[in-house]
Amino acid sequence: MSFSSEVKEELSKINIYKKTNIMEAEVLGYILSGNCETYDNYIEIITENEFNIERLYKLLFNLNLEYEPDTKRKVFIARIKNNDLEKLKRIETISDEEELKAVVRGAFLGSGSVNNPNKKYHLEILLNDIEKAIFLQNIIKKFEVNTKILKTTNTIYIKEGEEISKFLALIGATKSVLSFEEIRVVRETRNNVNRLVNCETANLNKIVNASIKQVEAIKFLKKMKKFDTMPKYLIEIAELRLENPEIGLKDLGKMLENPIGKSGVNHRLKKIQEYAEEIKKGN
């Protein structure tokens with residue numbers, strides 16, 4: 001079962017069947033969704049998810065709304081007569097916090113999905129038109145969850161792990177939040193470790209590459225019989241570099257008879273490289 005289906009299974013078990021106003025609000029959310037088609041005398045709510053349709057059937061039954069269930073291949077359908085929807089025409093007046101959450105939950109159940117956080121962070125809800133997308137986005141914003149809208153498809157989406165976690169909590173998917181957070185913590189810890197390893201590897205490569213160039217310059221000066229013509233302080237650091245090609249500048253500086261800092265070591269080694277370049281140009 002996909003993570004998205006697990007979330008919807010959890011949502012389908014939330015018991016609101018003694019609260020008429022909450023049930024109505026959730027059905028309104030289903031009607032907002034992109035899987036709701038409007039016809040002259042009825043609407044169709046379509047889904048491929050069994051948890052979605054079972055939840056919707058229960059809501060409609062408990063609200064005494066007449067509906068016609070249907071199945072076509074793997075698609076489940078609920079047809080509701082327009083006359084029976086009249087008492088639900090109050091969506092613009094909803095202000096109660098629990099009702100607003102129910103609207104969002106219904107919309108997600110109707111046409112929402114969320115990726116497995118092990119792969120990537122992505123949650124989306126497809127709406128019927130841009131007005132409904134903006135309307136739902138404004139509701140979600142009341143609960144301080146940041147979303148974006150892809151206008152070409154009237155889709156609300158979230159790509160940040162923390163915001164997805166907040167959204168799941170908003171619609172009542174408590175167990176899914178815990179599961180999502182557990183995966184997110186492991187994933188982000190792993191990413192942080194990888195970043196540190198990559199950073200250390202990059203720094204190590206930088207040290208190695210710089211050391212190779214320094215050693216090449218020193219060996220060139222020795223070959224050209226110019227090594228001993230350098231000042232003693234350059235000869236000292238050059239000999240240490242030849243003996244310790246893998247050591248960083250800071251540690252190299254500590255090995256000198258009169259220790260110096262990283263920048264001092266770097267300055268001396270650069271002078272040696274510049275001297276070697278001058279000799280090469282002279283030849």
K.L.:
List the residues meeting ring-ring contact (aromatic ring centres under 6.0 Å, His included) with Y121, not counting sequence neighbours, and say none if there are none.
P.N.:
F180
K.L.:
The test is side-chain contact (heavy atoms from CB on, under 4.5 Å); show your working for V145 and I158 and say whether it passes.
P.N.:
CA-CA 9 Å; V145 178; I158 307 174; 4.0 Å; yes
K.L.:
Are L221 and D228 packed together at the side-chain level, in the sense that at least one heavy-atom pair is separated by less than 4.5 angstrom?
P.N.:
no
K.L.:
Measure the spacing between NZ of K254 and CG of L249 and express it to the nearest 0.5 Å.
P.N.:
12.5 Å
K.L.:
Under the ring pair (Phe, Tyr, Trp, His ring centres under 6.0 Å) rule, what pairs show up with a residue in residues 98-117, not counting sequence neighbours?
P.N.:
F108-F167
K.L.:
Does any N or O in the side chain of N244 come within less than 3.5 Å of the main-chain N or O of L252, such that one atom is a donor and the other an acceptor?
P.N.:
no
K.L.:
Can you find a pair of side-chain heavy atoms, one from E48 and one from I53, that are under 4.5 Å apart?
P.N.:
no
K.L.:
For the residue pair R241 and I218, establish whether any side-chain heavy-atom pair is separated by less than 4.5 Å.
P.N.:
yes
K.L.:
Does the N62 side chain pair with the main chain of K58, one donor and one acceptor, at a distance under 3.5 Å?
P.N.:
yes
K.L.:
Determine, using the 4.5 Å side-chain heavy-atom cutoff (strictly less than), whether L269 and V215 are members of one ILVMFWY cluster.
P.N.:
yes
K.L.:
Report yes or no: do L126 and L123 belong to one cluster of Ile/Leu/Val/Met/Phe/Trp/Tyr joined by side chain heavy-atom distances under 4.5 Å?
P.N.:
no
K.L.:
Is it the case that the side chain of D96 and the backbone of E98 share a donor-acceptor pair, with hydrogens and angles ignored and the cut-off at 3.5 Å?
P.N.:
yes
K.L.:
Hey, does L170 have a side-chain heavy atom less than 4.5 Å from the side chain of V104?
P.N.:
yes
K.L.:
So, using ring-ring contact (aromatic ring centres under 6.0 Å, His included) as the criterion, who are the partners of Y57 when residues are at least two apart?
P.N.:
Y67
K.L.:
Strictly below 4.0 Å, N to O, side chains only: are E26 and R55 in salt-bridge contact?
P.N.:
yes
K.L.:
Which heavy-atom pair separates S5 from N49 by the least distance, and what is that distance?
P.N.:
OG-ND2, 3.7 Å
K.L.:
For E182, give me all partners under salt bridge (charged side-chain N to carboxylate O under 4.0 Å, His left out), at least two apart in sequence or on another chain.
P.N.:
none
K.L.:
Quick one: side chain to side chain donor-acceptor pair (under 3.5 Å) pairs with a partner in residues 155-172, sequence neighbours left out?
P.N.:
H122-K159, T153-T155, E163-K166, S165-E181
K.L.:
Verify, without hydrogens or angle tests, whether R79 (side chain) and E68 (backbone) share a donor-acceptor contact under 3.5 angstrom.
P.N.:
no
K.L.:
How many angstroms lie between atom NZ of K101 and atom CD1 of I16, to the nearest 0.5 angstrom?
P.N.:
13.0 Å
K.L.:
Any chance you could measure E243, atom CD, to E239, atom CD, to the nearest 0.5 Å?
P.N.:
6.5 Å
K.L.:
Give a yes/no verdict on a cation-pi contact between K8 and F51, requiring under 6.0 Å between NZ or CZ and the six-membered ring centre and an angle within 45° of the axis.
P.N.:
no
K.L.:
Any chance you could pull the hydrophobic cluster mates of V75, using side-chain heavy atoms under 4.5 angstrom and chaining through other members?
P.N.:
I46, I77
K.L.:
What closest approach, in Å, do K213 and Q273 show between heavy atoms, and which atom pair accounts for it?
P.N.:
CB-NE2, 3.6 Å
K.L.:
Tell me, please, which residues at least two apart from N118 pass side chain to side chain contact (heavy atoms under 4.5 Å, CB included).
P.N.:
N116, I183
K.L.:
F143 vs E97, test: side-chain contact (heavy atoms from CB on, under 4.5 Å). Steps then yes/no.
P.N.:
CA-CA 9 Å; F143 298 96; E97 189 173 285; 3.3 Å; yes
K.L.:
Can you see which heavy atom on I43 is nearest to which on C36, and at what distance?
P.N.:
CD1-SG, 3.8 Å
K.L.:
Applying a strict under-4.5 Å side-chain criterion to I, L, V, M, F, W and Y, I'd like to know whether I130 and I31 cluster together.
P.N.:
yes
K.L.:
Looking at residues at least two apart in the chain, or sitting in another chain, which of them share a side chain to side chain contact (heavy atoms under 4.5 Å, CB included) with K13?
P.N.:
E9
K.L.:
Apply the test side-chain contact (heavy atoms from CB on, under 4.5 Å) to residues Q214 and L242: give CA-CA distance (whole Å), side-chain angles for both, the deciding distance (0.1 Å), then the verdict.
P.N.:
CA-CA 9 Å; Q214 293 157 6; L242 285 175; over 6 Å; no
K.L.:
Got L127 and I125 here, is their nearest side-chain heavy-atom distance under 4.5 Å?
P.N.:
yes
K.L.:
To the nearest 0.5 angstrom, please state how far the CD1 atom of I237 sits from the CD1 atom of I272.
P.N.:
7.0 Å
K.L.:
Does S4 use its side chain to pair, donor to acceptor, with the backbone of N115 at less than 3.5 Å?
P.N.:
no
K.L.:
Compare all side-chain heavy atoms of I80 with those of E44 and state whether any distance is below 4.5 angstrom.
P.N.:
no
K.L.:
How long is the span from the CG atom in N52 to the CD atom in E50, to the nearest 0.5 Å?
P.N.:
10.0 Å
K.L.:
Any chance you could pull the hydrophobic cluster mates of L178, using side-chain heavy atoms under 4.5 angstrom and chaining through other members?
P.N.:
none
K.L.:
Please step through side-chain contact (heavy atoms from CB on, under 4.5 Å) for the pair V265 and I260, ending with a clear verdict.
P.N.:
CA-CA 7 Å; V265 174; I260 60 174; 3.7 Å; yes
K.L.:
Would you say the side-chain atoms of N138 pair up with the backbone N or O of I134, donor to acceptor, closer than 3.5 Å?
P.N.:
yes
K.L.:
Is the closest side-chain heavy-atom distance between K132 and N154 below 4.5 Å?
P.N.:
no
K.L.:
When you compare the side chains of S179 and S176, does any donor N or O come within less than 3.5 Å of an acceptor on the partner?
P.N.:
no
K.L.:
So, R268 side chain and A238 main chain: donor-acceptor pair closer than 3.5 Å or not?
P.N.:
no
K.L.:
Taking Y17's backbone N and O only, do any of them form a donor-acceptor pair with N15's side chain (distance below 3.5 Å, no angle check)?
P.N.:
yes
K.L.:
Give the minimum heavy-atom separation between A169 and V177, together with the two atoms involved.
P.N.:
N-CG2, 3.4 Å
K.L.:
Can you measure from CE (M23) to CG (L28) and round to the nearest 0.5 angstrom?
P.N.:
12.5 Å
K.L.:
By the ring pair (Phe, Tyr, Trp, His ring centres under 6.0 Å) test, which pairs, at least two apart or in different chains, include something from residues 229-279?
P.N.:
none
K.L.:
So does G112 get a backbone contact from the side chain of E124, meaning a donor-acceptor N/O pair under 3.5 Å?
P.N.:
no
K.L.:
So, do L63 and E24 sit near enough that their side-chain heavy atoms are less than 4.5 Å apart?
P.N.:
yes
K.L.:
Donor-acceptor check, side chain of E236 to backbone of E257, threshold 3.5 angstrom: yes or no?
P.N.:
yes
K.L.:
Show every side chain to side chain donor-acceptor pair (under 3.5 Å) that has at least one partner inside residues 27-39, sequence neighbours left out.
P.N.:
none
K.L.:
Mind checking side chain to side chain contact (heavy atoms under 4.5 Å, CB included) for E277 and listing every partner two or more places apart, or none if nothing turns up?
P.N.:
K280
K.L.:
Which pair of heavy atoms, one from T174 and one from E10, lies closest together, and at what distance?
P.N.:
N-OE2, 2.8 Å
K.L.:
Are any of the side-chain nitrogens in E274 or K271 under 4.0 Å away from the carboxylate oxygens of its partner?
P.N.:
no
